[in-house]
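Here the structure is laid out as structure tokens; the discussion comes afterwards.
Indexing begins at 1, ligand by ligand and atom by atom, following the structure's order. FYI, side chains are in, hydrogens and waters are out, and symmetry mates aren't considered; it's all heavy atoms of this structure.
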Amino acid sequence: MLRQPLLMLARSQQVKNLVTAMPVSSGIVHNYVPGETTEEAVTATAELVEDGLTVTLDFLGEDTLDAEQADATVAAYVELLQALSAAGLTRRSEVSVKLSAVGQALPDDAGFGGGHKIALENARTICRAARNAGTTVTLDMEDHTTTDSTLAILRELRKDFPETGAVLQAALHRTESDCRALAYEGSRVRLCKGAYLEPEGVAFQDRIDIDKSYVRCLKVLLAGDGYPMIATHDPRMVAIAASLASRFGRSKGSYEYQMLYGIRPTEQRRLARAGETVRVYIPYGTEWYGYLMRRLAEKPSNLSFFVKSLISKK
Ligand code: FDA
């Protein structure tokens with residue numbers, strides 16, 4: 001199994017330095033990341049919107065250990081939201097934010113102190129900019145050590161910005177219960193399988209168990225009163241979601257499908273043409289390393305393309 005070593009490499013600073021020093025912009029990175037600048041992100045958004053899709057954008061970066069870097073990330077989101085608004089795209093696009101990119105991983109001296117508080121205030125600034133631009137924010141979910149802090153920040157943000165969305169990961173044992181807690185009216189919840197390497201004590205290890213958990217969570221969310229965001233490329237999960245949506249009397253538009261930029265684009269358009277709301281997650285920016293490694297871990301057959309693109313671009 002290549003998943004484990006690839007996810008471990010995703011955390012290695014040395015490998016990161018080696019890989020990101022190489023100009024791979026026209027290689028496999030480009031299949032998953034349409035660009036590095038605000039302008040390129042807006043152009044990619046406009047193209048997908050033109051095709052009947054909706055979008056959520058992620059300014060790449062995570063595990064920030066530097067308050068200035070966190071501030072720069074906030075500024076990038078504010079600039080993006082203004083650019084989307086100026087281009088008339090905010091009705092069909094929103095942003096996704098990793099709290100570790102806006103300070104959650106900064107040293108925490110006293111329980112939920114330092115990093116947690118900085119991330120909350122930074123996320124609040126982004127939520128305000130999104131509200132002013134006429135759109136919303138979804139908080140991405142990172143590894144299980146951050147789940148409690150992320151859900152606590154979500155609760156705080158929702159006091160002022162109840163439209164803020166959350167992500168839950170079917171791989172974690174706790175998630176069915178978190179789905180129950182979040183399946184209330186006005187609550188937007190993205191359900192994904194989970195992209196991080198997690199220990200046995202907190203997470204299912206077999207794909208089949210993760211899939212079973214995904215279906216149990218789908219049932220809770222689709223039967224509930226919130227707005228489920230079904231984030232998967234797995235054809236079986238999409239088919240099960242469709243049949244559960246119909247069983248629970250959900251009309252199209254009372255839930256949505258979400259997929260990543262560059263993965264199953266034909267299926268994204270097929271669902272949109274069938275009248276479903278489909279949102280494409282666009283990551284952009286220079287900090288694409290961790291994101292790319294998680295995508296390679298999901299599809300190790302891409303690894304040989306990746307290595308070839310490194311060699312041919314050197
Ligand atoms: P699975 O991995 O079983 O893949 C099903 C099929 O999809 C594969 O057989 C293949 O055809 C295709 N596929 C999947 N990955 C591919 C790849 N990299 N390249 C090419 N084809 C691929 N995770 C997380 O922990 N926190 C988060 O906040 C988010 N956010 C998020 C947003 C959105 C919109 C999506 C779609 C996903 C996430 N994820 C995430 C990632 C998620 O947890 C999961 O790792 C991936 O979506 C892969 O899982 P699938 O459900 O697609 O199934």
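The N/O atoms of Y196, backbone and side chain alike, include none that comes under 3.5 Å of an N/O atom in ligand 1. Considering backbone and side-chain N/O of R190, one or more are found under 3.5 Å from N/O of ligand 1. For ligand 1, one of its N or O atoms has an N or O atom of M141 under 3.5 Å away.
With respect to D140 and R190, a salt bridge is recorded, a charged nitrogen being found less than 4.0 Å from a carboxylate O. For K98 and E287, the salt-bridge test fails: no basic side-chain N is under 4.0 Å from an acidic carboxylate O. A salt bridge is absent between E121 and K117; no separation between the charged side-chain nitrogens and carboxylate oxygens falls under 4.0 Å. A salt bridge between D160 and R131 is absent, with no side-chain N of the basic residue lying under 4.0 Å from a carboxylate O of the acidic one.
Under 4.0 angstrom from ligand 1, the non-hydrogen atoms of V167 all belong to its side chain. With a 4.0 Å cut-off on non-hydrogen atoms, E142 does not touch ligand 1 at all. Both the backbone and the side chain of D140 come within 4.0 Å of ligand 1, judged by heavy-atom distances. In R295, the parts holding a heavy atom less than 4.0 Å from any atom of ligand 1 are both the side chain and the backbone.
The shortest contact between atom 33 (C) of ligand 1 and any protein heavy atom is with L260 CD2, 3.5 Å. Among all non-hydrogen protein atoms, the one lying nearest atom 19 (N) of ligand 1 is Y32 OH, 2.7 Å. Looking from atom 13 (N) of ligand 1 to the surrounding protein, the closest heavy atom is I263 CG2, 3.8 Å. When only non-hydrogen protein atoms are considered, atom 40 (C) of ligand 1 lies nearest to C192 SG, 3.5 Å. Ranking the protein heavy atoms by distance from atom 49 (O) of ligand 1 puts K193 CD, 4.1 Å first. Atom 11 (O) of ligand 1 has K299 NZ, 4.0 Å as its closest protein atom, hydrogens excluded (heavy atom only). Protein heavy atom nearest atom 12 (C) of ligand 1, with residue, atom name and distance: H233 CB, 3.9 Å. Here the protein heavy atom with the shortest distance to atom 51 (O) of ligand 1 is T232 OG1, 2.6 Å.
L84 has its side chain out of reach of V55: every pair of non-hydrogen atoms, C-beta onward, lies at least 4.5 Å apart. For the pair D58/Y77, a side-chain contact is recorded, criterion being any heavy-atom separation below 4.5 Å from C-beta on.
Side-chain contact of Q69 with T64: a donor-acceptor pair under 3.5 Å is absent, judged by distance alone. At a cut-off of 3.5 Å, with distance as the only test, a side-chain donor of T136 or E94 sits close to an acceptor on the other residue. Looking only at atom types and distance, the side chain of Q169 has no donor-acceptor partner in the side chain of T147 under 3.5 Å away.
Within a 4.0 Å radius of atom 37 (C) of ligand 1, the protein contributes at least one heavy atom. Protein non-hydrogen atoms do not reach within 4.0 Å of atom 9 (O) of ligand 1.
The contact set between ligand 1 and Q169, taken as ligand atoms under 4.0 Å from a residue heavy atom, comprises 24 (C), 25 (O), 26 (N). Residue contact check: Q258 has heavy atoms under 4.0 Å from atoms 34 (C), 36 (C) of ligand 1. Close approach of ligand 1 to M259 (heavy-atom distance below 4.0 Å) involves ligand atoms 36 (C). Taking every non-hydrogen atom of G194 and a distance limit under 4.0 Å, the qualifying atoms of ligand 1 come out as 25 (O), 42 (C), 43 (O), 45 (O).
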Problem set entry | Step-by-step ring-ring contact (aromatic ring centres under 6.0 Å, His included) determination, Y227 to Y255 | CA-CA 5 Å; Y227 181 78; Y255 60 91; 7.9 Å; no
Exercise. So D148 and H116, side chain to side chain contact (heavy atoms under 4.5 Å, CB included) or not? Walk me through it.
Worked result: CA-CA 10 Å; D148 282 330; H116 178 89; over 6 Å; no
Exercise. Could you go step by step and tell me if L99 and S149 meet the side chain to side chain contact (heavy atoms under 4.5 Å, CB included) rule?
Worked result: CA-CA 9 Å; L99 290 177; S149 162; 5.6 Å; no
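Taking only non-hydrogen atoms, the option from R207, E298, R264, H144 nearest to atom 4 (O) of ligand 1 is R207.
Between Q268 and L260, the shortest heavy-atom contact is NE2-O, 3.1 Å.
Residue contact annotation: Y214 has no non-hydrogen atom under 4.0 Å from ligand 1.
When ring centroids are compared, Y32 and Y261 stay outside the 6.0 Å threshold.
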